[in-house]
Amino acid sequence: MYRLTLSAALKPFLAPSALVASLALPVAGVAAQERPTAEAMEAVRDADLALATVGFRLATANAPLCDRQEPGLGIQLHTLDQFDAGAREAARAHFGFAAPIAIEGVVAGSPAEQAGLRRDDSLLRVGAVDLAAIAGKPGTTDRLVAAQLAIAALPPSAPVEVAYLRGGVAGSATVTPLPACKSRFELLLGTAYPASADGTMVQIGARFLEEYPADQFAAVVAHEFSHNILHHRDRLEARGVTWGLLAGLGGNVKYFRQTELQADLLSVYLLANAGYPPRASVAFWKKFGPSKAGGFLRSRSHPHWADRVATIDAEIARIDSNPTRPLVPAALAERAQPLSGDWQSLIVRRK
Ligand SMILES: [Zn+2]
């Protein structure tokens, strides 16, 4: 648990993505241009690295399940641009930015750590990617996203030369990546509970990290990650579905329900392959479901949380009886097909 409430203390000095802006409520009583404390900046770092660590573990352990891969290096980047104007100098001083892009954190045990890269190394080049040539816009995550996408486009397992500045001194390291499923991960600060996947990125609200045990947080990430591995966004668009308030109406419903159940089913394989207890997803739903997804909060586009628990439970029983790792579910082969809308054959009803 973090000493600070991320959602309340940290939102004001980071540039929100468009999605955050639409989801996060204004935080009362915190001046927008308030200079962030070192403690607050370290709390953001810890939270970003916690998500990066879960993402790295899921993405590398499940690489054999993914038809789109990237090099898994184990570095979490951040940029000066991300900070609001009033916080940028404090961030530059605190993190020691000597270039616009730096390492916010290194995943423990990752190829980057093994190669000697460290937090607060300012990055100049990663393989063929000249980071200095990537343009940014103050107050946005444009430069961060462009850098992440460029690095993700490198070959998934070829060694990369990383050039950096550490304490003003130039250095370099050769990192031999692990192949990883291709996806970005972004932690959203704010008071809501966003969790989404747009095909290339998984976005998760910081409150999941603050309020749920680590394994259950991984289960939320695994569900969203499953949508990307199954190419759900593209396949839903191919069916012409409507998002937002209309998602629960008419012909949209069957496709959303099918993708939700498919993501629930795949998520327990992702967890098991990465060494997380698959039952963490059941525990998550039993806490989250009644308070956040029941009653009037219930979305018609999603199956009832208790049916999702029953469905997940039945799949875990199959995983438990099969010691093979990585486990590759047969349903994965369907991702090249159009969505059928058949969710009834996937669901196991609650007793
Ligand atoms: Zn979902």
Side-chain angles (χ1 to χ4, degrees), residues 19 22-23 51 54-55 58-59 62 65-66 181 183-188 192-205 207-209 212 216-239 241-249 252-271 276 278 280-294 297-316 329 331-332 334-335 339-344 346-348:
L19 190 59
S22 68
L23 289 170
L51 174 57
V54 170
L58 289 171
N62 290 289
L65 280 63
C66 291
C181 299
S183 187
R184 297 172 50 236
F185 296 91
E186 187 175 292
L187 194 73
L188 301 181
Y193 292 87
S196 67
D198 71 354
T200 63
M201 174 161 67
V202 168
Q203 291 184 314
I204 304 285
R207 290 192 71 177
F208 288 111
L209 189 58
Y212 290 83
Q216 293 180 36
F217 177 70
V220 179
V221 178
H223 171 91
E224 298 303 334
F225 199 11
S226 295
H227 283 307
N228 287 350
I229 290 173
L230 294 167
H231 309 324
H232 277 161
R233 184 81 189 196
D234 291 346
R235 294 162 74 201
L236 285 165
E237 281 177 0
R239 284 297 187 197
V241 305
T242 311
W243 273 267
L245 292 174
L246 299 176
L249 296 177
N252 294 321
V253 173
K254 61 180 184 289
Y255 297 120
F256 280 112
R257 290 189 174 186
Q258 183 185 15
T259 57
E260 287 312 313
L261 290 166
Q262 284 181 342
D264 282 341
L265 294 171
L266 180 58
S267 73
V268 290
Y269 289 84
L270 300 189
L271 291 170
Y276 291 107
S281 61
V282 171
F284 167 78
W285 275 111
K286 285 185 171 169
K287 178 178 173 186
F288 186 80
S291 63
K292 305 288 189 317
L297 292 167
R298 178 155 177 235
S299 161
R300 279 205 68 234
S301 61
H302 288 47
H304 191 282
W305 67 268
D307 290 335
R308 297 176 74 170
V309 165
T311 305
I312 290 166
D313 247 339
E315 200 69 10
I316 290 171
L332 209 56
E334 267 179 47
R335 73 179 150 200
L339 291 170
S340 66
D342 174 17
W343 58 274
Q344 290 93 340
L346 298 175
I347 202 165
V348 176

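Note that the coordinates shown come from a computational prediction; the quantities given were computed from them, not determined experimentally. Both ligands and their constituent atoms are indexed starting at 1 by order of listing.
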Asks: Is the Zn ion (ligand 1) less than 2.8 Å from an N/O/S atom of His227, whether that atom is in the backbone or a side chain?
Replies: yes

Asks: Measuring to the Zn ion (ligand 1), does Asp264 have an N/O/S atom at a distance below 2.8 Å?
Replies: no

Asks: If you measure only the distance, is there a donor-acceptor pair under 3.5 Å linking the side chains of Gln262 and His227?
Replies: no

Asks: Can any side-chain N or O of Asp264 pair as donor or acceptor with the backbone N or O of Ile312 at less than 3.5 Å?
Replies: no

Asks: Would you call the rings of Phe225 and Phe185 parallel, tilted or perpendicular if under 30° counts as parallel and over 60° as perpendicular?
Replies: perpendicular

Asks: Classify the angle between the aromatic ring planes of Phe288 and Phe208 as parallel (below 30°), tilted (30 to 60°) or perpendicular (above 60°).
Replies: tilted

Asks: The Zn ion (ligand 1) is nearest to which N, O or S atom of Glu260?
Replies: OE1

